[in-house]
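Reading through the structure tokens given below for one structure.
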Amino acid sequence: AQTVTQSQPEMSVQEAETVTLSCTYDTSESDYYLFWYKQPPSRQMILVIRQEAYKQQNATENRFSVNFQKAAKSFSLKISDSQLGDAAMYFCAYNRRGQFYFGTGTSLTVIP
Amino acid sequence: DAGVIQSPRHEVTEMGQEVTLRCKPISGHNSLFWYRQTMMRGLELLIYFNNNVPIDDSGMPEDRFSAKMPNASFSTLKIQPSEPRDSAVYFCASSGNLGTIYEQYFGPGTRLTVT
């Protein structure tokens with residue numbers, strides 16, 4: 001069975017600094033997709049970034065980037081120049097053929 | 001596009017009452033998911049549909065929970081009878097076809113409180 005593990009329940013970062021959130025997953029498949037979702041206090045789940053497993057190049061979206069290590073089954077999220085609005089719960093997710101698996105989340109605090 | 005629409009946004013009910021949560025997926029999406037989120041258990045997948053057909057309902061906690069998708073634009077999650085331990089935020093999400101790379105789009109959630 002596919003599982004997604006986020007080993008950091010809580011993280012904090014100073015405003016304008018960089019933080020990396022960790023995610024590992026377990027799968028025997030070679031073709032799948034990975035996502036990071038953000039859930040601010042409003043509870044709305046917002047897609048931050050996605051990565052196709054067949055692509056070697058790491059995805060980037062403005063200040064957000066991932067470090068995708070397929071062999072290690074690792075998918076970390078780097079947030080550069082952290083802003084107060086980045087404070088939220090972050091979920092890592094795995095998708096194959098429409099079935100989604102979510103990690104338990106990392107709560108990110110941004111310190112002014 | 002209005003995104004995934006859920007109603008009501010908040011629901012407070014007494015134990016034993018029937019609760020119905022509603023969801024309208026994004027037009028054109030043919031997969032729909034119901035999740036429950038609590039502090040203790042995190043985000044749990046309850047059931048998902050593809051082309052209005054339930055594909056996996058193994059996450060449905062017990063027979064008190066039921067879900068339907070009578071057409072491509074509407075789904076309900078019903079709890080009957082409700083219990084205090086059902087208090088949670090319930091999310092509906094939709095995405096494109098199974099086997100594609102479409103990400104899930106979430107609704108705003110329904111906060112259910114059972115007293």
Side-chain angles (χ1 to χ4, degrees), chain A residues 1-10 21 23 25 27 29-55 57 59 61 64 66 68 75 77 88-108, chain B residues 1-6 8-11 23 25-26 29-59 88-113:
Chain A
Q2 286 77 16
T3 59
V4 178
T5 302
Q6 293 179 249
S7 59
Q8 306 154 315
E10 297 178 346
L21 308 184
C23 173
Y25 55 94
T27 185
E29 306 292 343
S30 61
D31 185 20
Y32 51 88
Y33 309 93
L34 298 164
F35 306 91
W36 279 97
Y37 282 86
K38 169 185 177 182
Q39 187 179 38
S42 67
R43 299 199 315 263
Q44 179 70 53
M45 292 282 280
I46 303 165
L47 177 68
V48 174
I49 198 166
R50 77 176 193 190
Q51 174 79 43
E52 292 89 339
Y54 64 85
K55 289 186 177 180
Q57 185 174 7
E61 287 287 345
F64 298 87
V66 299
F68 174 48
F75 182 61
L77 174 69
M89 182 74 80
Y90 287 82
F91 292 93
C92 177
Y94 166 103
N95 169 24
R96 173 169 166 77
R97 297 192 62 78
Q99 179 62 293
F100 285 80
Y101 300 88
F102 283 83
T104 52
T106 296
S107 178
L108 178 66
Chain B
D1 197 323
V4 177
I5 299 172
Q6 289 187 248
R9 295 292 305 275
H10 299 88
E11 177 79 30
C23 175
I26 291 172
H29 282 186
N30 51 13
S31 292
L32 183 140
F33 305 76
W34 282 102
Y35 291 90
R36 178 173 67 178
Q37 186 177 37
T38 61
M39 289 293 293
M40 291 296 294
R41 301 174 69 91
L43 193 63
E44 302 174 275
L45 176 66
L46 300 178
I47 185 171
Y48 79 93
F49 296 84
N50 183 249
N51 292 325
N52 312 336
V53 176
I55 302 299
D56 183 356
D57 65 354
S58 60
V89 178
Y90 291 81
F91 287 100
C92 175
S94 70
S95 72
N97 236 335
L98 281 176
T100 66
I101 62 171
Y102 292 106
E103 55 267 19
Q104 288 189 340
Y105 292 87
F106 283 76
T110 295
R111 180 177 290 280
L112 173 65
T113 303

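Quick note on labels: first sequence line is chain A, next is B, and so on, each numbered from 1.
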Heavy-atom cut-off 4.5 Å, strictly under: side chain, backbone, both or neither for B:Arg111 against chain A? both
With rounding to the nearest 0.5 Å, note down the distance linking CD in A:Gln44 to OH in B:Tyr105. 12.0 Å
Examine distances only and state if a side-chain atom of B:Gln104 and a backbone atom of A:Leu47 form a donor-acceptor pair shorter than 3.5 Å. no
With only heavy atoms counted, which part of B:Gln37 is less than 4.5 Å from chain A, the side chain, the backbone, both or neither? side chain
Are B:Leu43 and A:Met45 close enough that some pair of their side-chain heavy atoms sits under 4.5 Å apart? yes
I'd like to check the side chain to side chain donor-acceptor pair (under 3.5 Å) partners of A:Tyr25; sequence neighbours left out, ordered by chain and number. A:Tyr32
Any donor-acceptor pair under 3.5 Å linking the side chain of B:Tyr48 with the backbone of A:Phe100? no
Within the structure provided, determine whether B:Glu103 and A:Tyr33 are in side-chain contact (heavy-atom separation under 4.5 Å). no
